[in-house]
> 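Okay, here's the structure, questions in a sec.
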Amino acid sequence: MTRFVLGRIGFYTLIAVLLAFFTIPLLWLVTAPFTSDPTYEVRLPDFTWDNFQAVIEHPYALPSLWNSVVLSVGTAALVVIFSALAAYALSRVRLPGRDALLYALLLLSSIITGTAAMVPLFQLAVELNLIDSQMGLILILTGGLLPAAIFMLKDFMDSTPKSYEESARVFGATPLQIVRHVVVPLVRPGLATIAVWAVANVWGNFLMPYLLLSDVEKQPAAVITYTLYTEGGQANLSMLSTFGLLYSIPVVLMYLFVSKKYGFRFHGGIKR
């Protein structure tokens, strides 16, 4: 009995330590922006708005958030559209070596990441005049996310009954009409999952925008955060904490909205 009690105490102590390890940085992020002179310690704020005023007056802080929205939404839209079409085709058409192709795409996308392929990608962007272009960056990010998105979305496509599509085909629906009016409504949870996953990947991406966007007015928030330091190289905690809070809010709100609407169900829209 004593051994059991000691084991439970040790278990709950470990859980408490882990929770504190992850909770304390979040508490700092929430309280530091409202503190007039924030430090690395978590303390009760004095509820000042001077830090937010400083972020608003920064010439590139708020525009960089809008740039992040443009890059994230643009990339997510292309990833959802192209991955849906490709996953539907791979799900419905019996091709020799189809499964091997899917696993090869997933494997190659995991091994040859954007960082590993940065040199050829940069050279390709130079040849196509896509340097310092947000659209060029969106296309490159889309290409990097598509293999994994197709692999994940194919499971959603496989869960939709073919009888629905056959019924629509009998009434004269074209393939695109079938995809739009029959397949897409059934796999909306999967599309939402892919969209959130794509936005999260692009929202926190630093290396690609840093190398491909030299114009500071086009750079996203992930890159602008790197510049919020004093001339001596010290972190400007008031600016970093406030900007970090503003930087986190859109993704959290998006996750809560999609989670409430779809629940991130990992199956199609058919009631089971």
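For clarity, every value in this text was computed on a predicted model and none was experimentally measured.
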> Between N201 and G204, is there a donor-acceptor pair closer than 3.5 Å when you use the side chain of the first and the backbone of the second?
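No, because the side chain of N201 does not come within donor-acceptor range (under 3.5 Å) of the backbone of G204.
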
> Rounded to the nearest 0.5 Å, what separates atom CG in L153 from atom OG1 in T193?
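Answer for the CG-OG1 pair, L153 versus T193, is 9.0 Å.
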
> Output the rest of the hydrophobic cluster of F11: all Ile, Leu, Val, Met, Phe, Trp and Tyr residues reachable through side-chain heavy-atom contacts under 4.5 Å, sorted by chain and number.
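When side chains under 4.5 Å apart are linked, the cluster holding F11 also contains Y12, I15, L19.
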
> So, applying side-chain hydrogen bond (donor to acceptor under 3.5 Å, both in side chains) with S36, which one of D46, T48, D50 is it?
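That would be D46.
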
> Roughly how far apart are L139 CG and Q134 CD, rounded to 0.5 Å?
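So the gap between those two atoms works out to 12.0 Å.
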
> Kindly compute the distance separating CG (L245) from CG (L26), expressed to the nearest 0.5 Å.
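It comes to 11.0 Å.
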
> Can any side-chain N or O of S64 pair as donor or acceptor with the backbone N or O of A61 at less than 3.5 Å?
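Yes, because the side chain of S64 sits within donor-acceptor range (under 3.5 Å) of the backbone of A61.
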
> Using every non-hydrogen atom in the two residues, find where S241 and P33 come nearest and quote the distance to one decimal.
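Closest heavy-atom pair between S241 and P33: O-CG, 3.4 Å.
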
> To the nearest 0.5 Å, what is the distance between OH (Y247) and OG1 (T225)?
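Answer rounded to 0.5 Å: 6.0 Å.
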
> Look at atom CG of L44 and say whether more than 12 heavy atoms of other residues, nucleotides or ligands are closer to it than 6.0 Å.
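12 or below, so no.
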
> Work out which heavy atom in H181 is nearest to a heavy atom in P185; give both atom names and the distance.
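Closest approach of H181 to P185: O-CG, 3.5 Å.
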
> Is there a path of hydrophobic side-chain contacts, each under 4.5 Å between heavy atoms of I, L, V, M, F, W or Y residues, that connects V70 with I249?
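In one cluster with V70: I249, yes.
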
> Drop me the distance from I224's CD1 to Y60's OH, to the nearest 0.5 angstrom.
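Answer rounded to 0.5 Å: 8.0 Å.
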
> Going by side-chain heavy atoms closer than 4.5 Å, which hydrophobic residues are tied to L128, directly or by a chain of links?
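Result for L128 is L124, L130.
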
> I'd like to know whether CZ of R43 has more than 12 heavy-atom contacts from other residues, nucleotides or ligands below 6.0 angstrom.
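Atom CZ in R43 is packed in, count exceeds 12.
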
> Using the rule given for side chain to side chain contact (heavy atoms under 4.5 Å, CB included), can you reason through W197 versus L145, listing the C-alpha separation, both sets of side-chain angles and the distance that settles it, and then say yes or no?
CA-CA 9 Å; W197 171 77; L145 296 176; 3.9 Å; yes

> Which atom pair, heavy atoms only, marks the closest approach of I150 to A86?
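What the structure gives for the nearest pair is CD1-CB, 3.7 Å.
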
> Applying a strict under-4.5 Å side-chain criterion to I, L, V, M, F, W and Y, I'd like to know whether I81 and L71 cluster together.
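Result: yes, single cluster for both.
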
> Answer yes or no: is there a side-chain heavy-atom contact under 4.5 Å between F151 and S83?
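They are not in side-chain contact.
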
> For F34, enumerate each residue passing the ring pair (Phe, Tyr, Trp, His ring centres under 6.0 Å) test, keeping only those at least two apart in sequence or located in another chain.
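Only W49, F52 meet the ring pair (Phe, Tyr, Trp, His ring centres under 6.0 Å) criterion with F34.
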
> Group every Ile, Leu, Val, Met, Phe, Trp and Tyr by side-chain heavy-atom contacts under 4.5 Å, then state whether F21 and Y40 land in the same group.
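No, no single cluster joins them.
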
> Using the side-chain hydrogen bond (donor to acceptor under 3.5 Å, both in side chains) criterion, which residues pair with N51? Sequence neighbours excluded.
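N51: no side-chain hydrogen bond (donor to acceptor under 3.5 Å, both in side chains) contacts found.
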
> Got L186 and M157 here, is their nearest side-chain heavy-atom distance under 4.5 Å?
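With C-beta onward as the side chain, the pair stays apart.
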
> According to a 4.5 Å side-chain heavy-atom criterion applied to Ile, Leu, Val, Met, Phe, Trp and Tyr, with indirect links allowed, do L141 and F206 form part of one hydrophobic cluster?
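In one cluster with L141: F206, yes.
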
> So, using side-chain hydrogen bond (donor to acceptor under 3.5 Å, both in side chains) as the criterion, who are the partners of D37 when residues are at least two apart?
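Here no residue qualifies.
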
> Check whether any side-chain N or O of T35 sits under 3.5 Å from a backbone N or O of T31 as a donor-acceptor pair, and report yes or no.
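It does hold such a pair.
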
> Could you walk me through whether F156 and L191 pass the side chain to side chain contact (heavy atoms under 4.5 Å, CB included) test, one step at a time?
CA-CA 9 Å; F156 290 91; L191 298 177; over 6 Å; no

> Is there a donor-acceptor pair closer than 3.5 Å between any side-chain N or O of Q177 and the backbone N or O of T174?
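A pair under 3.5 Å: yes.
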
> For T39 versus W28, what's the shortest heavy-atom pair and its separation?
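T39 and W28 have their closest heavy atoms at O-NE1, 2.6 Å.
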
> Determine whether P250 and V69 make a side-chain contact, defined as any pair of heavy atoms from C-beta on separated by less than 4.5 Å.
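Side chain of P250 against side chain of V69, heavy atoms only: no contact under 4.5 Å found.
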
> Keeping the roles fixed (side chain from S91, backbone from A87), state whether a donor-acceptor pair exists under 3.5 Å.
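Answer holds: no.
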
> Of all heavy-atom pairs between L29 and S248, which one has the smallest distance, and what is that distance?
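Heavy atoms only, the tightest pair is CD2-OG, 3.9 Å.
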
> Which atom pairs, donor and acceptor, lie under 3.5 Å between side-chain atoms of residues 211-219 and protein residues at least two apart or in another chain?
| from | atom 1 | to | atom 2 | distance (Å) |
| --- | --- | --- | --- | --- |
| D215 | OD1 | E217 | N | 3.1 |
| K218 | NZ | D132 | O | 2.9 |
| Q219 | NE2 | L213 | O | 2.9 |

> Treat each ILVMFWY residue as a node, draw an edge where side-chain heavy atoms are under 4.5 Å apart, and state whether I138 and L85 are in one component.
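In one cluster: yes.
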
> One pair to check against side chain to side chain contact (heavy atoms under 4.5 Å, CB included): I178 and Y88. What are the steps and the verdict?
CA-CA 11 Å; I178 292 174; Y88 176 72; 4.0 Å; yes

> Using every non-hydrogen atom in the two residues, find where N67 and P220 come nearest and quote the distance to one decimal.
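Scanning both residues completely, I find the closest heavy atoms to be CB-CA, 4.0 Å.
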
> How long is the gap from CG on L228 to CG on L237, to the nearest 0.5 Å?
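These two atoms lie 11.0 Å from each other.
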
